[in-house]
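Fair warning: this is a prediction, and the values are worked out from it, not measured in the lab. One-based numbering, in listed order, for ligands and for the atoms of each.
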Amino acid sequence: MCGIIGYTGPLGAKKILLNGLACLEYRGYDSAGIALYMEDDSIQVIKKTGKVKALKEYCDQTVHKVSHCGIGHTRWATHGGVTDENAHPHRVGHVTLIHNGIIENYHELTEQFHLEGTLVSQTDSEVAAGVLNQLYQGDPLAAIRELLSFLNGSFSFCIMFDDQPGNIYAVRNVSPLVAATTNSGTLVASDLTALIPYTKDYFVVPEEKIVKLSPYKISVYDLDDNFTRISPEIMTINWDTDAAMKNGYPHFMLKEIHEQPEALKKTILPRISQGLPDFSDDGIPDRIFTDCSRIHIVACGTAMYAGMVARALMEPVLRIPVSVTIASEFRYENPLVDEHTLVIVISQSGETIDTLAALRLAKEYGSKTLSIVNVKGSTIARESDYVLYTHAGPEIAVASTKAYSVQLAALYLISCRMSLVRGKYSKEQSQAFLADMLEAIPAIETMLEQKDFIKTTSSHLMDQSDAFFIGRGLDYAFSLEGALKLKEISYIHAEAQAAGELKHGTIALIADDVPVIAIATQQHVLSKLISNIREVKARGAFVILLTKEMAAIDENLADIIIRIPNIDDRFTVFPIAVVLQLIAYYTSVAKDLDVDQPRNLAKSVTVE
Ligand code: F6R
């Protein structure tokens with residue numbers, strides 16, 4: 001979703017803003033722009049539809065004077081089409097502003113402040129700029145505080161006022177913003193990737209506070225009568241600059257697929273003590289695992305599919321109901337959760353608006369909340385009762401890969417700890433569980449070594465319009481993520497089906513050459529799945545079978561057979577996920593698509 005960057009300091013602002021926008025590209029966008037406070041006190045706005053690269057070329061040709069203060073934005077269209085006018089920054093009177101989020105009452109505000117006929121864009125953001133301009137009487141803090149009293153919705157803003165040279169004001173409600181003071185100026189951005197080239201120390205802009213960036217200092221003000229100054233909590237980024245670069249890989253996605261063994265080690269190993277899962281360093285008490293009578297997992301997209309795997313793993317062992325709900329449904333459906341429910345919220349970014357709303361609702365219902373989050377200090381992490389951080393480092397490709405694996409690892413650790421403290425696993429069984437789980441890491445490495453073979457699947461998929469993923473039990477849960485991965489980056493319609501369901505309708509779509517990706521790693525249902533494969537094969541399907549090395553399978557059963565190492569059935573998701581990711585990746589590459597930034601998608605979905 002929209003990316004925000006602001007800089008003021010001794011260095012050239014144009015370069016810093018454009019570099020910052022390039023770092024934020026992964027969030028997904030369709031236009032980009034910057035506004036520079038020039039040395040003659042004028043503000044120059046340059047904005048265009050298309051890529052940051054094109055904006056940079058245009059700026060290099062047209063902006064020759066130096067500026068030391070400015071704001072930049074990548075826009076993911078919500079209100080109004082993809083046009084130069086709708087791109088940010090928006091400039092109204094004394095105010096130049098960029099915005100991420102949605103102002104829900106922008107129609108009412110347009111009428112209330114008589115803005116009809118004065119606006120040049122169709123955006124809710126320009127309405128906010130128009131209102132702020134009318135409220136502004138020379139006191140930025142007072143005007144911004146008054147603006148907030150009129151706005152409904154989620155937002156983060158960066159604002160420059162014509163008569164406040166060198167100063168940038170920022171404020172947010174829900175939508176993310178981080179800020180940092182460095183030796184070479186101050187910065188504000190929608191996420192850390194834009195800050196890491198300059199500093200490791202940052203703070204999360206507190207909600208409903210006003211932040212003022214001056215060249216060498218940042219002040220944070222409460223909205224009380226005196227605008228009391230407050231000190232935000234300084235945090236340290238735990239990844240290095242390399243983590244957000246491609247490092248020789250052609251795409252971030254491929255790099256991130258390869259980072260999975262390391263990410264899993266970082267997430268799992270610090271939480272093993274004497275061979276048992278241990279959350280004492282995370283401050284997660286066992287009572288949340290023993291005191292609940294049901295578990296409700298809430299998330300979106302890939303994170304939700306990680307939840308589906310956890311459900312299939314946990315319920316049979318724990319013998320308590322484990323439900324998984326899409327966060328955007330949960331928040332509006334009067335969910336069946338209460339003080340006896342442990343609500344597990346999963347989010348890579350920690351900012352997904354629906355997941356955040358679901359978390360808040362679960363808390364209102366009195367549930368204990370435990371979040372699994374990758375981005376330190378993000379809103380979901382801060383608002384949950386307990387947080388289990390995953391350590392994947394920054395995930396830049398829009399399609400989630402390493403975040404999925406580490407989310408699974410966190411869920412598996414939770415499952416094991418819960419089984420132990422609820423008496424479902426003995427100490428020995430828990431130790432064996434973890435030892436078996438660690439074998440998944442070399443199994444991933446084995447599959448990465450086979451990537452050239454896995455790549456051959458892409459020539460069968462690239463010209464197809466549909467693909468089907470089938471599996472049973474845990475394999476079905478894995479196939480859901482496999483289908484999502486393929487569709488989002490290769491634009492092939494892909495559908496996951498519990499294999500036993502095929503005959504109840506979907507098999508009507510199987511015809512000559514239709515690809516079916518069958519996942520068969522669960523021994524207890526292997527023979528059933530083999531029958532399902534024969535059924536689709538008999539109807540002409542092109543079958544790509546993912547199974548274990550030891551599986552006794554007729555080599556003619558499928559057109560391509562990809563074998564994973566013989567690890568315990570419960571953990572096959574880890575190598576299988578890598579294979580599914582590679583299939584999607586190579587298909588997208590074969591189609592010459594934008595792998596890292598697929599059309600219409602955004603990395604962090606901060607609007608509903
Ligand atoms: C798909 C993908 C999305 C995210 C979803 C939730 O590859 O990345 O489906 O998983 O938008 O995002 P987070 O985990 O940030 O809440």
Side-chain angles (χ1 to χ4, degrees), residues 1 26-28 76 174-176 190-193 251-254 256-257 260 263 267 297-310 324-331 344-360 369 371-384 387-390 392-411 478 480-491 494 496 577-578 580-585 587-588 593-608:
M1 299 263 135
Y26 80 102
R27 295 173 66 88
W76 191 85
V174 185
S175 305
S190 38
D191 71 61
L192 295 175
T193 46
H251 300 99
F252 279 111
M253 183 175 174
L254 189 61
E256 288 161 6
I257 290 173
Q260 290 177 103
T267 302
I297 301 174
V298 192
C300 300
T302 291
M304 193 266 296
Y305 290 144
M308 296 287 276
V309 175
V324 183
T325 311
I326 299 167
S328 54
E329 293 293 311
F330 181 92
R331 62 183 292 190
I344 301 179
V345 166
I346 313 168
S347 176
Q348 186 283 128
S349 60
E351 301 293 350
T352 302
I353 192 94
D354 285 320
T355 312
L356 175 61
L359 167 74
R360 288 177 175 169
T369 55
S371 64
I372 296 172
V373 174
N374 196 44
V375 177
K376 207 171 154 191
S378 54
T379 313
I380 290 175
R382 281 182 291 111
E383 293 197 13
S384 316
V387 55
L388 190 60
Y389 280 113
T390 53
E395 193 177 63
I396 307 292
V398 163
S400 197
T401 54
K402 59 178 179 172
Y404 175 67
S405 294
V406 293
Q407 285 162 355
L408 288 166
L411 288 160
F478 313 162
L480 292 162
E481 171 60 6
L484 176 64
K485 218 69 321 164
L486 186 67
K487 71 183 139 193
E488 69 180 326
I489 60 167
S490 76
Y491 313 153
V578 169
L580 295 171
Q581 292 159 2
L582 288 170
I583 290 176
Y585 172 77
T587 307
S588 177
L593 298 173
D594 191 344
V595 176
D596 285 337
Q597 290 164 36
R599 69 182 177 210
N600 305 338
L601 293 179
K603 184 67 186 164
S604 170
V605 183
T606 50
V607 297
E608 256 194 273

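Scanning the protein for heavy atoms near atom 2 (C) of ligand 1, the closest one is Thr302 OG1, 3.7 Å. Nearest to atom 5 (C) of ligand 1 among the protein's heavy atoms is Cys300 O, 3.6 Å. The nearest protein atom to atom 13 (P) of ligand 1, hydrogens excluded, is given as Thr352 OG1, 3.2 Å; this is a heavy-atom distance. When only non-hydrogen protein atoms are considered, atom 11 (O) of ligand 1 lies nearest to Val605 CG2, 4.1 Å.
Each of Lys485, Gln348, Glu488 was compared with Thr302 under the side-chain hydrogen bond (donor to acceptor under 3.5 Å, both in side chains) criterion, and only Lys485 meets it.
Shown here are the side chain to side chain donor-acceptor pair (under 3.5 Å) partners of Gln260, two or more places apart in sequence or in another chain: Ser405, Gln581.
In summary, Glu383 and Arg360 engage in a salt bridge, as defined by a charged side-chain N under 4.0 Å from a carboxylate O.
Between Ser588 and Ser490, the shortest heavy-atom contact is N-CB, 4.2 Å. The heavy-atom pair separating Glu395 from Tyr26 by the smallest distance is O-CE1, 3.6 Å.
Within ligand 1, the atoms closer than 4.0 Å to a non-hydrogen atom of Lys485 are 1 (C), 7 (O), numbered from 1 in the order shown. Those atoms of ligand 1 that come under 4.0 Å of a heavy atom in Gly301, given as number and element, are 9 (O). Atoms of ligand 1 found under 4.0 Å from any heavy atom of Ser347, numbered from 1 in the order shown, are 13 (P), 14 (O), 15 (O), 16 (O). Close approach to Ala399 involves these atoms of ligand 1, each under 4.0 Å from a residue heavy atom: 7 (O). Less than 4.0 angstrom separates some heavy atom of Ala303 from each of these atoms of ligand 1: 10 (O), 14 (O). In the vicinity of Gln348, heavy-atom distances shorter than 4.0 Å reach the ligand 1 atoms 13 (P), 14 (O), 15 (O), 16 (O).
When non-hydrogen atoms are compared, ligand 1 lies under 4.0 Å from neither the backbone nor the side chain of Glu351. Looking at Glu488 against ligand 1, only its side chain comes within 4.0 Å, counting heavy atoms.
Any N or O atom pair closer than 3.5 Å counts here, and Ser349 shares at least one such pair with ligand 1.
Lys376 has its side chain within reach of Tyr389: a pair of non-hydrogen atoms, C-beta onward, lies under 4.5 Å apart.
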